[in-house]
Amino acid sequence: MATGDFPYGPQPEADKNFAPTIHQPSYGRGYQPSRPLIESARNGWQSQTRTQYHHSSSSDDTKTPQWTEMVQSMATAPRFRRYALIYLLLFIFGLIGWRFLISPRMQERNSLLNSLDPNTKTDAVGRFGANAMPQFNDLIQIQKLSPDLVPGDLAGADADSKQKQRLVIVGDVHGCKKELDKLLEKVNFNQKGGDHLIFVGDIINKGPDSAGVLDLARELSASSVRGNHEDRILLHRREMARTNTLADTDDAESSSYSPRELSERALARSFSDEQVQWLESCPVILDVGQIPNMGHVVVVHAGLVPEIELDRQDPISVMTMRTIDLHTHVPSPKKKGMNWAKMFDQHQSVLYSGFESTAENPRAKTMTVVYGHDAHSSLSIRTFTKGLDSGCVKGGKLTALVIEDGGKQSIVQVSCPGYVKD
């Protein structure tokens, strides 16, 4: 190479004294590189990885489809496993909810609707209400409450400066006089201020002060329906009067009476003639009348059979029923079976739906029943039925349903210590 010639072009004059030393690779004369040298460089991990990759790829292509690899990679992902567990739990809870909650309620509703279908009446032999009800001359079937005591429309009352009215309807008292006093104090009962007291029956027996409850009811000019306990005590009293044993005190010497009968006969003897007359004046059904947003309100002790007029209701069943047969509509005092209040509430709901498009005030075409007796179900407030027996004498609570002008309703309760175990 001539002096001053630079292999990569002319060298600038300023850099001639600092020319870099070029080291030529010692290849043979016949060597001609086919690709850049960088591609020939290899690390140990590179060659090992590529080899493994090619081997695995060729193996997987022959044995496992690509979609299977995707599924396996998803299944092994931690997030996928969490989501799968959550969805599985949701499915299990949904299945349990359907099996034990939703499905039974749907079946019950379908059974109720079928039992209330007018087309099924012809299929029912001995359906309740098809024959004349037994007549009892020693009790009052229906009594109507004075309209002056019934709460009215709120707007009308304000416009006319009418005295406000309240109905205080109390559940089964069973002789718990102290608890009744506490309850009336809690609701601020004021007879002179427009309040009226109504009992759903069973105001006597079992508890410590039945006579005291009777005296308070008479003092407050309260209304009450006849319950099964009032009916039993009055029957004992009538039987003792017929056999001239009312003044006797030797019932315990007779082996023909059970302990409960002995207790009830003793209670019947303890009442005065005035107290007995007040009990005898209590009707089986108290017809309260129309109340805004509640429709036609009635008070009974145990219940009513739907679709049957009040004057055709069996008085014994009205005082004792708990359940009802879906096919025949025959009521029963037994606890096992379809609760009569559920059927009655469904019946009124169907009526309301039918009147919604035809009546100006469809609620006025329906009936609301306030009742007691069923301590097993305790407080049970539905749209068209209000169960107020919350087991006071057994250590539960004494309950009052307060109804004000305009149909406003509220529940007030006091606790009870419990006087009987069963």
Side-chain angles (χ1 to χ4, degrees), residues 56-57 59-117 119-120 123 171 303 306 321-354 356 366 368-369 371-391 394-397 399 401 409-411 413 415 418 421-422:
S56 63
S57 297
S59 175
D60 290 346
D61 290 340
T62 58
K63 294 182 179 180
T64 307
Q66 186 176 5
W67 66 270
T68 306
E69 292 183 3
M70 296 176 61
V71 172
Q72 290 177 349
S73 63
M74 291 174 59
T76 55
R79 179 177 295 181
F80 176 84
R81 292 198 297 268
R82 288 197 298 268
Y83 286 152
L85 179 60
I86 292 173
Y87 288 135
L88 179 61
L89 291 175
L90 289 176
F91 174 77
I92 293 174
F93 288 143
L95 188 62
I96 294 174
W98 171 263
R99 175 67 177 83
F100 296 101
L101 183 63
I102 300 177
S103 181
R105 290 193 176 187
M106 291 180 63
Q107 292 177 3
E108 180 183 85
R109 184 176 183 276
N110 290 335
S111 299
L112 286 173
L113 290 175
N114 182 67
S115 70
L116 296 170
D117 187 352
N119 296 325
T120 64
D123 300 333
M321 74 170 68
R322 288 189 178 92
T323 56
I324 194 167
D325 185 89
L326 285 175
H327 185 59
T328 63
H329 290 195
V330 174
S332 169
K334 296 180 180 180
K335 297 177 182 179
K336 186 176 181 180
M338 174 57 64
N339 186 284
W340 77 269
K342 285 186 177 181
M343 176 182 279
F344 193 94
D345 202 79
Q346 184 65 57
H347 174 253
Q348 295 301 308
S349 179
V350 171
L351 288 180
Y352 180 83
S353 299
E356 271 190 307
T366 62
T368 299
V369 180
Y371 66 100
H373 184 60
D374 194 1
H376 177 73
S377 299
S378 191
L379 182 66
S380 181
I381 304 298
R382 297 183 173 89
T383 304
F384 302 99
T385 56
K386 319 288 183 181
L388 303 183
D389 186 1
S390 43
K394 299 178 182 180
K397 295 182 179 181
T399 302
L401 171 66
Q409 305 167 49
S410 59
I411 295 293
Q413 294 181 311
S415 298
K421 296 181 178 180
D422 184 16

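Since we're looking at a predicted model, the values are computed, not measured. Computed over heavy atoms, backbone and side chain alike; hydrogens, waters and symmetry mates excluded.
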How far does [atom1] of [X] sit from [atom2] of [Y], to the nearest 0.5 angstrom?
X	Y	atom1	atom2	answer
Gln348	Arg382	CD	CZ	13.5 Å
Ile381	Ile411	CD1	CD1	4.0 Å
Phe344	Thr383	CZ	OG1	12.5 Å
His327	Met338	NE2	CE	15.0 Å
His376	Lys336	NE2	NZ	11.5 Å
Ile96	Phe91	CD1	CZ	10.5 Å

Inset, instruction - Give a yes or no answer on whether the side chain of Asp389 reaches the backbone of Gly372 with a donor-acceptor pair at less than 3.5 Å. - result: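 No, the answer is negative, given that no donor and acceptor are paired below the 3.5 Å cut-off.
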
Inset, instruction - Check for a donor-acceptor pair, side chain of Ser390 on one end and backbone N or O of Lys397 on the other, with a separation under 3.5 Å. - result: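 At least one qualifying donor-acceptor pair exists.
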
Inset, instruction - Verify side-chain contact (heavy atoms from CB on, under 4.5 Å) between Leu388 and Leu379, making sure each step is shown before the conclusion. - result: CA-CA 5 Å; Leu388 303 183; Leu379 182 66; 4.2 Å; yes

Indicate the atoms forming the closest heavy-atom contact of [X] with [Y], along with that distance.
X	Y	answer
Tyr371	Ala341	OH-CB, 3.6 Å
Phe384	Asp345	N-OD1, 2.7 Å
Arg322	Pro333	NH1-O, 2.9 Å
Met321	His373	O-CD2, 3.6 Å
Asp374	Ser377	OD2-OG, 2.8 Å

Legend entry - side-chain hydrogen bond (donor to acceptor under 3.5 Å, both in side chains) partners for Thr323, two or more places apart: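 Scan of Thr323 (side-chain hydrogen bond (donor to acceptor under 3.5 Å, both in side chains), adjacent residues dropped) gives none.
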
Legend entry - Contact check, side chains of Trp340 and Val369, non-hydrogen atoms, under 4.5 Å: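 Sidechains of Val369 and Trp340: in contact.
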
Inset, instruction - Flag the pair Ile324 / Pro306 as yes when at least one side-chain heavy-atom distance between them is below 4.5 Å, and no otherwise. - result: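 Yes - at least one pair of side-chain heavy atoms lies under 4.5 Å apart.
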
